[in-house]
Amino acid sequence: MLRAESQFGELSTTTDVTRIGEGLLAAAERARSAGDAELESVALYRALVWISLDAPVPDDLVDRLVVLAEQVPVAAQVVRYVLAERAMFAGKPDESLEHLNAGDVVDPELALVDRLGLLCSLGRPEEVGAGLTTADLAGMPAGAELYLGFALWTRGQLTPEVALPIALSMTAQALARRVVHPIVAILGVTSFMALAGGDIETATRHVRQAREEAAYGCSAHIRAFTDMAAAATALETVGEAAAGEVLVAMLDAVPIGEWPIRAYLLGLPMMYLLRPETRHTLDRCEFGPALNVARDAGRALVQLRDEGSLAGAAALPWDREANLRAHVLPVHLCELAVAASLA
């Protein structure tokens, strides 16, 4: 258990990330054999978290955690997040929210981190720490501040000029902790902030650094943050064909399925326009207001290109500038702004 935990995300060229889940499952099985239901619950939950970053969680492991939840309070708390995520990836956001809001809380800090992360993945950033601002980031449990930062950006609460300096400070803190997944994720998000503010140099540097860090061992779902940032940077510096190629490779590794992974919610209009095969899923997603605007922008780009229609561009909420800048990359935002002005 300790060996697996020590390798959970730590930068180490000796870490075999493909075996971390196996190590945690082995620890859970040994705890079960010893009759230690609490330790089994902890090990099993950590294993499920790890496995879910690369592939769907096996039903038998979820079923075992459900059984443990009947006798172990911490299992009763965490199982609802596992069930909520399973429902989300099945394209059932309402069922996901029902699981998320059920049951008692034993560990408030763990509950906060799990809840904020799932709400971000559900495309509901408005519900993540509603009423909180950047001033609240420092006092949050480790990990929670990254989700709040993600939510503040994706709900359009901050302009790129305000968001990027704060995010760069958070990036420095993440790098100092030497944990791969948070580093790769935040470098991807800050790349989008930089591009939105016209800082191509920072975006390019962050994509390159994220690839270097990911080489130590990184799950497919987290690596997608780098791929999305790389596609966005290519869009702004080379063109749509180059960006599309990056997206094709990324989607081959992690298909969109019935619900997009969290990284795919960045630059959503770019994906909607350049990868038509994602539109069926994205059109069915029940997002919050900010992500609905992002999807509307993607639809407006398609309408403009395919039909010559200006209506979608004109209907966008141009009074919510920060919301649009957070999701629509500059080259596409300019195109939509011109179309709206001509409508």
Side-chain angles (χ1 to χ4, degrees), residues 45 48-59 61-62 65 78-102 113-128 146-147 150-151 153-155 181 184-185 188-189 192 219-229 231-232 246-299 302 326-327:
Y45 176 60
L48 295 182
V49 169
W50 184 264
I51 292 169
S52 70
L53 292 174
D54 276 312
V57 174
D59 287 339
L61 298 182
V62 178
L65 192 59
V78 299
V79 71
R80 65 175 180 261
Y81 299 108
V82 175
L83 294 172
E85 184 171 77
R86 183 167 69 174
M88 177 186 73
F89 281 127
K92 302 175 181 177
D94 290 339
E95 181 181 328
S96 179
L97 287 169
E98 288 179 8
H99 287 300
L100 183 63
N101 295 322
V113 173
D114 285 343
R115 180 178 179 81
L116 297 190
L118 191 62
L119 286 172
C120 285
S121 296
L122 281 165
R124 310 288 180 96
E126 298 83 4
E127 299 177 40
V128 175
L146 298 178
Y147 293 134
F150 182 89
W153 172 248
T154 54
R155 70 191 184 208
H181 281 174
V184 173
V189 176
F192 275 91
S219 73
H221 285 204
I222 301 299
R223 191 180 296 111
F225 280 96
T226 305
D227 294 331
M228 286 294 291
V246 177
L247 295 177
V248 167
M250 179 188 73
L251 288 164
D252 282 345
V254 186
I256 196 167
E258 296 298 320
W259 193 271
I261 61 174
R262 189 182 306 137
Y264 292 176
L265 302 182
L266 292 168
L268 191 151
M270 171 184 66
M271 178 178 284
Y272 194 96
L273 174 67
L274 300 183
R275 300 314 320 157
E277 69 271 23
T278 68
R279 294 174 195 166
H280 176 71
T281 293
L282 294 175
D283 282 337
R284 295 174 58 205
C285 290
E286 298 175 18
F287 295 133
L291 268 297
N292 281 339
V293 168
R295 180 175 53 198
D296 287 344
R299 289 170 173 166
V302 172
H327 294 282

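Sequence positions, counted from 1, serve as the residue numbers for this chain.
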CG-SG distance between Leu268 and Cys285, expressed to the nearest 0.5 angstrom: 8.0 Å
Within-4.5 Å side-chain heavy-atom neighbours: Phe150 and Leu266: yes
Pairwise distance CD1(Ile222) to CG(Asp227) - rounded to 0.5 angstrom: 11.5 Å
Thr154 and Cys120: CA distance, side-chain angles, deciding distance, side chain to side chain contact (heavy atoms under 4.5 Å, CB included) verdict: CA-CA 9 Å; Thr154 54; Cys120 285; 6.0 Å; no
Pro260 side chain reached by Met271 side chain, heavy atoms, under 4.5 Å: no
Arg86 and Asp59 ion-paired at < 4.0 Å: yes
Student check: side-chain heavy atoms of Pro276 and Val302 closer than 4.5 Å: no
Between NE2 on residue His181 and CZ on residue Arg223, distance to nearest 0.5 Å: 8.0 Å
CA sep, side-chain torsions, deciding dist, call: Leu119, Leu100, side chain to side chain contact (heavy atoms under 4.5 Å, CB included): CA-CA 9 Å; Leu119 286 172; Leu100 183 63; 3.8 Å; yes
Pairing residues for Ser96 by the side-chain contact (heavy atoms from CB on, under 4.5 Å) criterion, not counting sequence neighbours: Ala84, Ala87, Met88, Leu118, Leu122
Phe225 side, atom CZ; Tyr264 side, atom OH - distance, nearest 0.5 Å: 11.0 Å
Closest non-hydrogen atom pair between Pro56 and Ile51, with its separation: O-CG2, 4.2 Å
Contact check, side chains of Thr278 and Leu247, non-hydrogen atoms, under 4.5 Å: no
Salt bridge (charged side-chain N to carboxylate O under 4.0 Å, His left out): pairs with one or both residues in residues 264-290, sequence neighbours excluded: Glu258-Arg284, Arg275-Glu277, Asp283-Arg299
Which atom of Ala224 lies closest to which atom of Ile261, heavy atoms considered: CB-CD1, 3.7 Å
Considering all heavy atoms, the nearest Thr281-Gly257 contact: OG1-O, 2.6 Å
Between CG on residue Leu282 and CZ on residue Arg295, distance to nearest 0.5 Å: 7.5 Å
Student check: side-chain heavy atoms of Val254 and Asp54 closer than 4.5 Å: no
Between NE2 on residue His221 and CG on residue Leu53, distance to nearest 0.5 Å: 7.0 Å
Test side-chain contact (heavy atoms from CB on, under 4.5 Å) applied to Leu146 - qualifying residues, sequence neighbours left out: Met170, Pro182, Ile186
Any side-chain heavy-atom pair of Pro93 and Trp259 under 4.5 Å: yes
Side chain to side chain, Val79 and Tyr45, heavy atoms closer than 4.5 Å: no
Over all atoms of both residues, closest heavy-atom pair of Ser52 and Val57: CB-CG2, 3.7 Å
